[in-house]
Q: 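Quick one: structure below, then a few questions.
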Amino acid sequence: MDTIKTEVCNIIEGAIHAAVAAGELAISEVPTIPFSPTKTPEHGDIATPVALGLAKQARMAPRSIAEIIVKHIDSDTHAIIHQIDIAGPGFINIQLSDNWLYETLQTIAAAQKDYGTCDKGAGKRVQIEFVSANPTGPLNIVSGRAAAVGDTLVNLLNAIGYEAIREFYVNDAGGQVQRLGESIDVRYRQALGEEALEIPEGGYQGEYIREFAETLVETAGDKYLELKTDERIARFRDKGIAHILGQQKASLERFGVNFDVWSSEKAIRESGKPEKIIQLFQEQGYLYEAEGATWFRMTDFGDDKDCVVIRQDGEYTYFVPDAAYHRDKFDRGFTTVIDLLGPDHQGHISRLKNFVKALGLPDDWLEISIIQQVNLVDAAGKREDMSKRSGHFLTLDNLIDELAETVGEQFAVDVARYFFLMRANSSHLDFNIELAITHASENPVFYIQYAHARCCSIFEQGSEQGITSKPVEEVSLKHLTELMEHELIRKLAEFPSIVRLSAETREAHRVPHYLHELSGIFHPYYNQHRVLDPADMEKTHARLILIQSVQTVLKNGLTLLGISAPAAM
RNA sequence: GCGCCUAUAGCUCAAUUGGAUAGAGCAACGGACUUCUAAUCCGUAGGUUGCAGGUUCGACUCCUGCUAGGCGUGCCA
């Protein structure tokens with residue numbers, strides 16, 4: 001499709017130049033040729049509103065501009081163009097010759113699992129950091145959303161030639177994990193019979209803390225009471241981090257997400273890099289002392305407030321290791337780094353970007369996307385707050401467990417992934433667990449998977465009848481004459497640009513929507529037209545090529561999403 | 001107060017980044033299994049795109065001002 005577009009671009013540009021040369025069009029500059037979507041077959045295969053855009057400059061009605069442009073296109077000399085029409089206010093609709101459709105099928109047959117990929121990002125290394133949940137509790141569905149999106153974005157970037165990796169930043173240092181240690185300590189001592197203890201302010205109330213503390217008692221009894229309180233809490237903190245991190249990893253693996261790199265905040269803090277950052281900021285005059293703390297001149301970077309980098313108690317605020325961590329990412333040689341953050345990190349964006357700027361790194365090197373929140377809602381549609389500290393939340397594992405009861409383990413992962421992936425990153429989504437479970441079997445992912453299974457089934461059925469598909473070179477594709485067949489091929493041809501657009505805009509949801517649309521053309525076709533027809537083997541073979549192409553694209557698309565493409569359902 | 005996100009069919013969401021008649025899925029109603037899988041298909045119904053202006057050939061999309069919800073906003077991450 002892309003090569004076709006550039007070819008058509010050239011033809012139209014040529015026509016505009018010719019029109020200008022002939023004195024029929026008074027414009028000073030030929031714009032880049034835009035393309036608009038062709039929603040109905042009447043719009044042809046490719047459409048451009050270029051004449052509409054030229055109206056002002058040329059001081060002419062868009063429709064007559066379109067007429068002039070079309071007049072200068074000699075369709076006889078351009079084999080790919082079958083017919084050109086002018087429609088509506090001045091759209092130029094181009095119908096391509098059928099050859100183009102056949103070439104699309106040949107391309108897919110040749111590329112197979114590589115159809116949809118390109119080498120646009122060749123030589124560029126990208127890191128996507130996502131999830132990065134505190135190791136203070138199980139992953140909730142918000143992390144699940146981030147995991148699905150981040151994982152798919154990495155797939156998409158790799159598909160268009162980038163060398164992209166998944167990275168998880170473990171916040172295993174600082175106040176949050178300290179609270180974790182304290183919370184475990186309270187539960188531990190309670191398990192040993194101490195009363196009148198309470199989870200400290202900002203501590204973790206979740207049941208999983210109690211359970212973990214009880215396993216500590218089971219394995220070691222009251223041994224830890226021999227330690228001094230500080231030491232015991234530190235020990236519990238480290239044990240708790242290891243335990244919870246292990247659970248998080250297991251949940252992610254179950255969800256089909258495998259991180260390439262796990263980075264530790266603690267390791268960053270102990271590497272001496274934060275000190276270097278402070279030193280650098282100091283030298284550049286970005287720091288000053290006030291109220292017993294050290295401040296960074298964020299206002300120099302346009303922010304309305306300065307911010308503390310070293311607290312009164314001498315500890316770094318999280319900005320410092322975070323800045324050091326991003327410096328470290330840069331040193332590791334990534335061309336681009338993408339952070340997927342939750343909406344609660346909104347205030348973090350401009351600061352982090354400013355720190356990166358203060359470190360002298362390129363402006364566009366760090367990209368930050370917010371994956372919006374997932375709200376739990378009850379049957380009445382009322383929001384329920386989720387909070388790790390209060391212990392009230394829906395875990396990713398719970399979600400998959402519940403879904404698995406209705407649709408089985410593999411499909412549970414598919415359903416959950418699809419559910420998160422089909423939404424734009426910016427959409428705030430309300431999640432009703434009851435509804436999600438009762439409607440699990442109605443998840444649109446099945447519509448797509450079923451289309452794939454049907455394709456497989458045709459080949460299955462074919463081989464039972466002794467019909468095996470021929471290589472595309474030996475098949476006369478001219479037999480694909482149905483309108484729906486052409487429509488299907490046009491859709492298949494869109495796939496590579498969907499992949500590219502999705503990757504470049506970091507919006508994974510286009511892929512699920514595309515696959516759903518493709519399936520939405522396939523199913524009616526399947527219902528109305530028989531593929532296997534022993535009475536007409538020429539047509540049968542042509543249709544098998546088409547079915548194979550549909551199968552390939554569905555499979556490739558689902559693979560990008562980390563969703564299974566079953567051969568039977 | 002300020003900053004960011006969101007508001008589209010009864011519900012959940014799209015709309016190729018300014019293009020043609022705003023589309024899907026659920027839910028509702030009516031139909032189709034002796035056929036390569038009915039997890040499917042065909043049909044009906046559903047809209048002042050939160051409100052008010054503006055920009056232009058053209059606005060769900062961009063600008064301004066409102067309204068509502070969410071998130072953030074100098075020592076949690």
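Per chain, numbering begins at 1; letters A, B, ... match sequence-line order.
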Q: In this structure, which one of A:Tyr316, A:Phe355, A:Tyr288 forms a ring-ring contact (aromatic ring centres under 6.0 Å, His included) with A:Phe296?
A: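 The single option meeting the ring-ring contact (aromatic ring centres under 6.0 Å, His included) with A:Phe296 is A:Phe355.
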Q: Would you say a side-chain N or O of A:His509 is under 4.0 Å from OP1 or OP2 of B:A15?
A: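 Yes, A:His509 has a side-chain N/O under 4.0 Å of OP1/OP2 on B:A15.
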Q: Measure the distance from CG on A:Leu54 to P on B:U56 and round it to the nearest whole Å.
A: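 Nearest whole value for this atom pair: 18 Å.
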Q: Could you measure between the two P atoms, the one in B:G65 and the one in B:C29, and give it in whole Å?
A: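 Per the computed distance, 47 Å lies between those P atoms.
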Q: Which is true for A:Pro524 with a 4.0 Å heavy-atom rule: it touches a base, it touches only sugar-phosphate, or it touches nothing?
A: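 The answer is sugar-phosphate, as A:Pro524 gets under 4.0 Å only of primed atoms, P, OP1 or OP2.
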Q: What nucleotide, of B:C26, B:A39, B:G72, holds the atom closest to the side chain of A:Phe446?
A: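 The nucleotide sitting nearest to the side chain is B:A39.
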Q: Can A:Phe91 be said to stack with the base of B:A20, given centres closer than 5.5 angstrom and planes under 30 degrees apart?
A: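 So yes, this residue stacks on that base, both cut-offs being met.
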Q: May I ask you to say what A:Glu291 touches in the nucleic acid, namely base, sugar-phosphate or nothing, with a heavy-atom cut-off under 4.0 Å?
A: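 If one applies the 4.0 Å heavy-atom cut-off, A:Glu291 turns out to touch a base.
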Q: Looking only at side-chain atoms of A:Leu501, point me to the closest of B:A14, B:U16, B:C71.
A: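 Looking only at side-chain atoms, A:Leu501 lies closest to B:U16.
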Q: Does A:His345 reach a base, just sugar-phosphate, or nothing at all? Heavy atoms under 4.0 Å.
A: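 A:His345: base contact, heavy atoms under 4.0 Å.
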Q: Could you please name the option among B:A39, B:C26, B:C71 that lies closest to any side-chain atom of A:Tyr450?
A: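 Of the candidates, B:A39 comes closest.
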Q: Quick test of your reading of the model: are A:Glu167 and A:Lys329 salt-bridged, counting only N-O distances below 4.0 Å?
A: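 So A:Glu167 does not pair with A:Lys329 through a salt bridge.
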Q: Please report the distance, rounded to the nearest Å, between OH in A:Tyr169 and P in B:A77.
A: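 Taking OH of A:Tyr169 and P of B:A77, I get 10 Å after rounding.
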Q: In whole angstrom, give me the gap between the P atoms of B:G18 and B:A77.
A: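 So the two P atoms sit 39 Å from each other.
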Q: Expressed as a whole number of Å, how far does the C1' atom of B:C75 sit from that of B:U16?
A: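 About 46 Å, rounded to a whole number of Å.
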Q: Nearest 0.5 Å, what's the OG1-CG distance between A:Thr136 and A:Leu180?
A: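 With rounding to 0.5 Å, OG1 (A:Thr136) is 6.5 Å from CG (A:Leu180).
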Q: With the side chain of A:Glu442 defined as its heavy atoms from C-beta on, choose the nearest nucleotide among B:C36, B:C26, B:G19.
A: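 Among the listed nucleotides, the one closest to the side chain of A:Glu442 is B:C26.
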Q: Taking any strand in view, what nucleotide pairs with B:U73 in a Watson-Crick or G-U wobble way, both distances under 3.5 Å?
A: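 Pairing partner, where one exists within any strand: B:G1.
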Q: How is A:Ala451 classified with respect to the nucleic acid when contacts are heavy atoms under 4.0 Å: base, sugar-phosphate, or nothing?
A: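 Since no nucleic acid heavy atom lies under 4.0 Å of A:Ala451, the category is nothing.
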Q: Looking only at side-chain atoms of A:Gln346, point me to the closest of B:A77, B:C41, B:G72.
A: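 Looking only at heavy atoms from C-beta outward on A:Gln346, the closest nucleotide is B:G72.
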Q: Need one value for A:Arg530: base, sugar-phosphate or nothing, where a base atom within 4.0 Å counts as base even if backbone is also close, heavy atoms only.
A: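 The answer is base, as A:Arg530 lies within the cut-off (heavy atoms under 4.0 Å) of a base atom.
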Q: Applying a 4.0 Å non-hydrogen cut-off, can you work out what A:Gly88 is touching in the nucleic acid: base, sugar-phosphate, or nothing?
A: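 No contact.
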Q: Classify the side-chain pair A:Ser132/A:Glu129 by whether it contains a donor and acceptor separated by less than 3.5 Å.
A: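 Result is yes, a qualifying pair exists.
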Q: Could you state the NE2-C1' distance from A:His529 to B:C42, rounded to the nearest angstrom?
A: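 It works out to 13 Å between those atoms.
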Q: So A:Ala424, base contact, sugar-phosphate only, or nothing? Heavy-atom distance under 4.0 Å.
A: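 The answer is sugar-phosphate, as A:Ala424 gets under 4.0 Å only of primed atoms, P, OP1 or OP2.
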Q: How would you label the contact of A:Leu429 with the nucleic acid (heavy atoms, under 4.0 Å): base, sugar-phosphate, or nothing?
A: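 Here A:Leu429 touches the backbone only, sparing every base.
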Q: Please determine whether a side-chain nitrogen of the Lys or Arg among A:Arg311 and A:Asp313 lies less than 4.0 Å from a carboxylate oxygen of the Asp or Glu.
A: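 Salt bridge between A:Arg311 and A:Asp313, a charged N being under 4.0 Å from a carboxylate O: yes.
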Q: What is the nucleic acid contact for A:Gln312, judged by heavy atoms within less than 4.0 Å: base, sugar-phosphate only, or nothing?
A: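 Base, at least one base atom sits under 4.0 Å.
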Q: So which atom in A:Pro135 and which in A:Gln248 form the shortest heavy-atom distance, rounded to 0.1 Å?
A: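 Minimum heavy-atom separation between A:Pro135 and A:Gln248: CA-NE2, 4.0 Å.
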Q: Both distances under 3.5 Å, Watson-Crick or G-U wobble: report the partner of B:A7, or none.
A: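 Per the H-bond distance test, B:U67.
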Q: Using a cut-off of less than 4.0 Å, is there contact between a side-chain N or O of A:Ser427 and OP1 or OP2 of B:A14?
A: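 Checking A:Ser427 against B:A14: at least one side-chain N or O falls below 4.0 Å of OP1 or OP2.
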Q: Give the rounded distance in Å between these two atoms: CE of A:Met569 and C1' of B:A39.
A: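 Answer to the nearest Å: 6 Å.
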Q: Examine the base of B:C41 for any acceptor or donor lying under 3.5 Å from a partner atom in the side chain of A:His523, and report the outcome as yes or no.
A: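 There is none.
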Q: Nearest nucleotide by nearest heavy atom, which residue falls closer to the 5' end of RNA chain B, A:Asn527 or A:Arg311?
A: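 Result of the comparison: A:Asn527.
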Q: Mind checking if A:Thr505 touches a base, just sugar-phosphate, or nothing, with heavy atoms under 4.0 Å?
A: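 If one applies the 4.0 Å heavy-atom cut-off, A:Thr505 turns out to touch a base.
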Q: Using atom CZ of A:Arg454 as one end and atom C1' of B:U35 as the other, report the distance to the nearest whole Å.
A: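 About 12 Å, once rounded to whole Å.
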Q: Does A:Ile370 or A:Ser519 map to a spot on RNA chain B nearer the 5' end, using the closest nucleotide for each?
A: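 Result: A:Ile370.
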Q: Report yes if the ring of A:His348 lies under 5.5 Å from the six-membered base ring of B:A77 with planes under 30°, and no otherwise.
A: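 It does not: the ring fails the test against the base of B:A77.
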Q: Using a distance-only criterion (donor-acceptor N/O pair, under 3.5 Å, no hydrogens), is the base of B:C76 paired with the side chain of A:Gln176?
A: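 It does, because a donor-acceptor pair links the side chain of A:Gln176 to the base of B:C76 below 3.5 Å.
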Q: Have a look at A:Asp344 and say if it touches a base, only the backbone sugar-phosphate, or nothing, with a 4.0 Å heavy-atom cut-off.
A: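 Base contact.
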Q: Which nucleotide sits closest to the side chain of A:Ser426: B:U40, B:G19, B:C5?
A: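 Closest nucleotide to the A:Ser426 side chain: B:C5.
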Q: Identify whether the glycosidic angle of B:U21 places it syn (within 90° of 0) or anti.
A: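 With its glycosidic angle more than 90° from zero, B:U21 counts as anti.
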Q: Using whole Å, report how far CD of A:Glu315 lies from P of B:C75.
A: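 Roughly 16 Å, once rounded to whole Å.
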Q: For nucleotides B:U8 and B:A59, find the distance between their C1' atoms and express it as a whole number of Å.
A: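 The same atom, C1', in both gives a distance of 14 Å.
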Q: Do the side chain of A:Arg510 and the base of B:U17 come within less than 3.5 angstrom through a donor-acceptor pair of N or O atoms?
A: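 Answer yes: a donor N or O sits under 3.5 Å from an acceptor.
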Q: Using the side-chain heavy atoms of A:Arg423, tell me which of these nucleotides is nearest: B:C13, B:U12, B:C36.
A: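 Looking only at heavy atoms from C-beta outward on A:Arg423, the closest nucleotide is B:U12.
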Q: Per the atom types in the model, does the base of B:A77 pair as donor or acceptor with the side chain of A:Tyr318 at under 3.5 Å?
A: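 Indeed, a donor on one side and an acceptor on the other fall under 3.5 Å apart.
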Q: Counting Watson-Crick and G-U wobble pairs only, both distances under 3.5 Å, name the nucleotide matched with B:A38, or none.
A: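 With both distances under 3.5 Å required, B:A38 matches none.
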Q: Can you tell me the pairing partner of B:A14 across any strand shown, Watson-Crick or G-U wobble, with both distances under 3.5 angstrom?
A: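 The answer is none; no pair meets the criterion.
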Q: Would A:Lys491 and A:Glu494 pass as an ion pair if we require N to O under 4.0 Å?
A: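 Salt bridge between A:Lys491 and A:Glu494, a charged N being under 4.0 Å from a carboxylate O: yes.
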Q: Which listed nucleotide (B:C5, B:U17, B:A77) is nearest to the side chain of A:His428?
A: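 Comparing B:C5, B:U17, B:A77 against the side chain of A:His428, the answer is B:C5.
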Q: Could you tell me the separation between the CG atom of A:Leu52 and the P atom of B:G18, rounded to a whole number of Å?
A: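 Going from CG in A:Leu52 over to P in B:G18 covers 15 Å.
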Q: Cation-pi check for A:Tyr526 against A:Arg530: NZ or CZ below 6.0 Å from the six-membered ring centre and within 45 degrees of the axis, yes or no?
A: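 No cation-pi geometry.
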Q: Could you tell me whether A:Arg179 and A:Glu201 make a salt bridge, using a distance below 4.0 angstrom between a side-chain N and a carboxylate O?
A: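 Here A:Arg179 does not pair with A:Glu201 in a salt bridge, since their nearest N and O are not under 4.0 Å apart.
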Q: Regarding A:Ala61, tell me which of base, sugar-phosphate or nothing describes its non-hydrogen contacts under 4.0 Å with the strands shown.
A: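 The residue A:Ala61 makes no contact with any strand.
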Q: Ignoring the backbone of A:Ala293, work out which of B:C42, B:C5, B:C75 is nearest its side chain.
A: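 Minimum distance to the A:Ala293 side chain belongs to B:C75.
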Q: Can you figure out which of B:C36, B:A14, B:G74 approaches the side chain of A:Arg351 most closely?
A: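 Among B:C36, B:A14, B:G74, the one nearest the side chain of A:Arg351 is B:G74.
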Q: With side-chain contact (heavy atoms from CB on, under 4.5 Å) as the test, pick out the partner of A:Val50 among A:Ile16, A:Thr32, A:Ile65.
A: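 Going through A:Ile16, A:Thr32, A:Ile65 one by one, the side-chain contact (heavy atoms from CB on, under 4.5 Å) with A:Val50 is satisfied by A:Ile16 alone.
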Q: Looking at B:A20, does its base get a donor-acceptor pair with the side chain of A:Asn93 below 3.5 Å?
A: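 Counting by modelled atom types and ignoring angles, a donor-acceptor contact under 3.5 Å is found here.
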Q: Using whole Å, what does the distance between atom C1' of nucleotide B:G25 and atom OH of A:Tyr514 come to?
A: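 Interatomic distance, OH of A:Tyr514 to C1' of B:G25: 19 Å.
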Q: For B:C13, does OP1 or OP2 lie under 4.0 Å from any side-chain N or O of A:Tyr418?
A: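 Result: no.
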